[in-house]
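Structure first, commentary second.
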Amino acid sequence: MPIRLRLTLWYLLILTIVLGAVAGGVYAFVGDQEQRSVDRILRERAEAFARAYAGEANEQESDAAVIEVARDFGRGEGDIFVYRADGNLLARSPQRVLRVADARSVADLRGAIDRAFAGTGSGVTVDAVRCIVAPVSGRGKRYVLVSTESLGGRRSALILIRNAFIIVIPAALVIAAIGGYFLAMRSLSPVAQITETASHIEAENLSDRIAVGNPSDELGRLAGVLNALLERLERSFQQQKQLLADTSHELRTPVTIIRTEADVTLSRERTAAEYRDALEGIRTEATHLTGLIEAVLLLARADAQQARVARQEFALSEVIQHSVQSLRTIAAAKQIDLACSTDGPMPMVGDPELIRRMLLNLLENGIKFTESGGRVRLDAHRAGPSYVVTVSDSGIGIPSEEQAKIFDRFFRSDSARTRDAHRSSASGAGLGLAIARWIAEVHGGDLRLLRSDRSGSVFQAMLPIQHERAMNGVA
Ligand code: ADP
């Protein structure tokens with residue numbers, strides 16, 4: 001069942017209950033008021049009768065006085081019946097309203113008459129005739145007066161009200177149903193629009209957005225949430241597309257070099273030494289290719305949140321020592337002073353292989369961008385719940401306009417490109433810092449460039465010792 005129909009039906013049901021309750025309430029209230037006013041008239045009549053009897057009883061014998069008064073009152077509206085203490089009917093007006101010769105013949109009234117002899121008056125309704133039964137006494141004699149009034153005339157007002165409700169309520173319900181249906185249709189029309197737009201969004205037009213009518217109402221918020229979702233999808237899609245495009249671009253150069261090297265070498269007979277040289281060159285490029293492919297794979301997995309991240313206890317100081325050790329030869333070849341300082345064993349939980357990779361990326365950059373005779377340092381110490389690892393160099397520094405971009409994928413400064421004429425590993429494709437930052441983040445920390453100028457650069461990684469954040473991958 002469509003929502004608009006369901007809404008209309010609910011709305012109708014509630015309206016029916018409310019209108020029914022109001023009508024019932026009004027009807028009961030008016031009926032009650034009517035009865036009260038009739039009772040008041042009847043009670044006043046009974047009091048007037050008692051006063052008249054008291055006056056008359058001074059002049060004649062009690063029964064005769066009652067008959068006299070009853071004759072006068074019998075001419076008025078409604079009937080009266082007067083009973084003597086022995087229960088016999090003493091006087092009555094000509095029968096008009098209550099169509100009985102003796103009120104005692106009506107069971108309800110008989111009880112009320114007996115109660116009145118005991119001293120308590122009451123009201124009884126018999127066939128749309130209201131009867132007030134009241135004791136009357138004087139000069140030692142006790143009588144009971146039954147005074148009646150037809151409710152017929154007054155009831156007609158109630159019937160009028162009831163008829164009005166019978167016409168007005170269904171009419172109101174019909175109008176409300178039509179209005180409610182249109183209202184529901186109108187307020188739900190943005191949903192149809194959202195559905196329509198959303199169903200047309202494909203990979204090709206991920207940049208399309210759902211029109212937001214009123215951003216602060218429920219549907220506006222829904223459209224906003226969907227748009228934010230599309231935004232994220234588009235960003236991740238673009239990221240993947242960009243990664244693919246950049247990767248293909250980066251892969252082209254080494255593959256071309258390998259092919260050219262092979263073509264040139266094979267174009268004529270070579271000496272064994274020449275073949276070795278050519279193969280060396282091909283191996284270097286192939287190594288570079290492997291590194292690049294591994295780096296891209298890692299980033300792609302990281303994007304898809306599928307990278308394998310171990311969660312084990314290890315000593316950070318050991319990983320630091322090993323990383324520094326493995327770069328000593330390269331640093332020595334460039335006559336760069338490579339040193340490190342640690343702060344005890346530094347136990348932590350995480351992936352030692354990834355941490356090593358992060359440190360190597362930072363140290364390799366330091367060595368690569370420092371002239372010979374310079375120095376590269378790694379200092380690690382504990383600061384509260386985290387370790388702070390600082391890698392500083394006395395290198396060429398990063399121009400301030402490039403500092404914001406160095407963590408971007410495939411970003412390389414122009415000076416780095418010329419330097420990289422001869423590459424030996426994955427470093428050089430502009431992925432090193434992007435991967436290093438991801439590693440820091442997946443460990444619940446971060447990596448930033450603290451400062452960089454002509455006197456060198458300082459990178460700082462913050463690594464929580466024990467991080468709660470679920471690792472971004474498969475442990
Ligand atoms: P690559 O693997 O090419 O070094 P990175 O992502 O590690 O790529 O670095 C990106 C760029 O950041 C480098 O090309 C270089 O311009 C700059 N950079 C990184 N580290 C340093 C450093 N220690 N000194 C100067 N420039 C640096």
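For ligands, and for the atoms within them, numbers begin at 1 and follow the listed sequence. Remember, predicted model here, so these are calculated numbers, not experimental data.
Ligand 1 has no N or O atom lying under 3.5 Å from any N or O atom of E402, backbone or side chain. Note: an N/O pair closer than 3.5 Å links S413 and ligand 1 by distance alone. For ligand 1, one of its N or O atoms has an N or O atom of G430 under 3.5 Å away. Looking at I398 next to ligand 1, no N or O pair under 3.5 Å apart turns up.
Put simply, the side chain of S317 gets close to the backbone of P345: a donor and an acceptor are under 3.5 Å apart. A donor-acceptor pair under 3.5 Å is absent between the side-chain atoms of R375 and the main chain of L338, judged by distance alone. D343 places no side-chain N or O within 3.5 Å of a backbone atom of H381 that could act as its donor or acceptor partner. Not one N or O on the side chain of R283 forms a donor-acceptor pair closer than 3.5 Å with the backbone of E285.
The shortest heavy-atom distance from G395 to ligand 1 is not under 4.0 Å.
Contacts with ligand 1 closer than 4.0 Å are made by side-chain heavy atoms of D393 only, the backbone lying farther away. Only the backbone of A429 comes within 4.0 Å of ligand 1, counting heavy atoms alone; no side-chain atom from C-beta on gets that close. At a 4.0 Å heavy-atom cut-off, ligand 1 does not touch F407 at all.
A cation-pi arrangement is present between R437 and F407 under the rule of less than 6.0 angstrom and at most 45 degrees off the ring axis.
Less than 4.0 angstrom separates some heavy atom of R412 from each of these atoms of ligand 1: 3 (O), 14 (O). Using a 4.0 Å cut-off to heavy atoms of I406, the atoms of ligand 1 that qualify are 6 (O), 10 (C), 12 (O), 17 (C). For ligand 1, the atoms lying closer than 4.0 Å to a non-hydrogen atom of G432 are 2 (O), 5 (P), 6 (O), 7 (O), 8 (O). Heavy-atom proximity to F459, at under 4.0 Å, picks out these atoms of ligand 1: 20 (N), 23 (N).
A search for side-chain hydrogen bond (donor to acceptor under 3.5 Å, both in side chains) contacts involving N205 returns D208, not counting sequence neighbours.
Inspection of the S457 and S452 side chains reveals an N or O donor paired with an N or O acceptor under 3.5 Å. Checking D379 against S341 by side-chain atom types alone, a donor-acceptor pair falls below 3.5 Å.
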